[in-house]
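Report on one structure; see the data block that follows.
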Amino acid sequence: MHARTTTATPASDFRRLGDQSWHDKAACHGLEPDVADRLFFPTSRARKDIAQAKALCAQCPVRRICLDAALESESLYGIRGGMTEDERRPLHHKLDYRLDGDRVAAALRGLDVHLSHAERAAVARLAYLHGFTAEQLARTLKVSQDWATDLLRNAHNEIEDRDRYWHEAGGDDAASGTTAVPGHLGQAIDRDSLGEAA
């Protein structure tokens, strides 16, 4: 009962943990500090400054990375990634539930990318399905080996419970002997493409 997954997303599309090199590519790079402060940390009534900052962000090649960095670092203030504080607030609350299959696959290949709670759980389940050891999963998620053992045990139990449910319910997956993986995770990744983490 192994699922095979893949992604075509290049490694360069993800900001690695602690990587700030994208700042050099930002449209706001090189602005005078007082101008940057006025544009990106405006008062709530400075609509002209907000519009100018958003116009600058609209042409920025790293806007998405800037927004991801703001969400992942819980940066609540200022305009980041073309969004004001109020516009980002709902996204901050939803971040733990994000499930991006490309990020999961990147982590399984050994890239050091920020993962939401849901993505970390998906990595643990796929690591279990691909036969990762606790040591490999610990290295992938940057956790202790004991914690990785617990994550693999939980993944085993979740998958067994799911398979038992489908078997009892007469689901197609039980009959075919395959494990269904939703969304981007349903594409094929062979073990050789998982990199050092495998």
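In this structure, CG in Leu137 is found 10.5 Å from NZ in Lys142, a value given to the nearest 0.5 Å. Note: His156 NE2 to Glu160 CD = 4.5 Å, rounded to the nearest 0.5 Å. Rounded to the nearest 0.5 angstrom, His130 NE2 and Arg125 CZ are separated by 12.5 Å. Atom CZ of residue Arg162 and atom CG of residue Asn157 lie 12.5 Å apart, to the nearest 0.5 angstrom. In this structure, Arg88 CZ and His93 NE2 are separated by 12.0 Å, a value rounded to the nearest 0.5 Å. Between atom CD of residue Glu119 and atom CG of residue Leu99 there is a gap of 6.0 Å, rounded to the nearest 0.5 Å.
By the salt bridge (Lys or Arg N to Asp or Glu O under 4.0 Å) test, Asp86 pairs with Arg89, sequence neighbours left out. In this structure His117 satisfies the ring pair (Phe, Tyr, Trp, His ring centres under 6.0 Å) test with no other residue, sequence neighbours excluded.
Here the closest heavy-atom approach between residue Gly81 and residue Cys66 is recorded as N-SG, 3.3 Å. For Ala138 against Ala148, the heavy-atom pair with the smallest separation is N-CB, 3.6 Å. Between Val104 and Ala122 the shortest heavy-atom distance is CG2-CB, 4.0 Å. The shortest non-hydrogen separation linking Ala124 to Leu152 is O-CD2, 4.0 Å. Scanning both residues, Cys60 and Ala27, for their nearest heavy atoms gives SG-N, 3.3 Å. When all heavy atoms are compared, the tightest approach of Phe41 to Tyr77 is CE2-O, 3.7 Å.
A donor-acceptor pair under 3.5 Å links the side-chain atoms of Glu85 to the main chain of Gly78, judged by distance alone. Judged by distance alone, the side chain of Arg63 and the main-chain N or O of Gly82 form no donor-acceptor pair under 3.5 Å.
A heavy-atom distance below 4.5 Å is found between the side chains of Ile79 and Ile50. Residues Val123 and Leu151 have side chains not in contact (no heavy-atom distance under 4.5 Å, counting atoms from C-beta outward). Between Leu115 and Val113, some side-chain heavy-atom pair lies under the 4.5 Å cut-off. Taking 4.5 Å as the limit, some side-chain heavy atom of Phe40 sits within range of a side-chain heavy atom of Cys28.
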Dump the intermediate steps for side chain to side chain contact (heavy atoms under 4.5 Å, CB included) on Asp161 and Glu158, then the final yes or no. CA-CA 5 Å; Asp161 289 346; Glu158 288 174 13; 5.9 Å; no
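At a threshold of 4.0 Å, the pair Arg80-Glu87 does not count as salt-bridged, since none of the basic side-chain nitrogens sits closer than that to a carboxylate oxygen. Under a 4.0 Å N-O distance rule, the pair Arg98/Glu72 qualifies as a salt bridge. Between Arg103 and Asp68 there is a salt bridge, with a side-chain nitrogen of the basic residue lying less than 4.0 Å from a carboxylate oxygen of the acidic one.
As a member of the Ile/Leu/Val/Met/Phe/Trp/Tyr network built from side-chain separations under 4.5 Å, Leu71 groups with Leu67, Met83, Leu91, Leu95.
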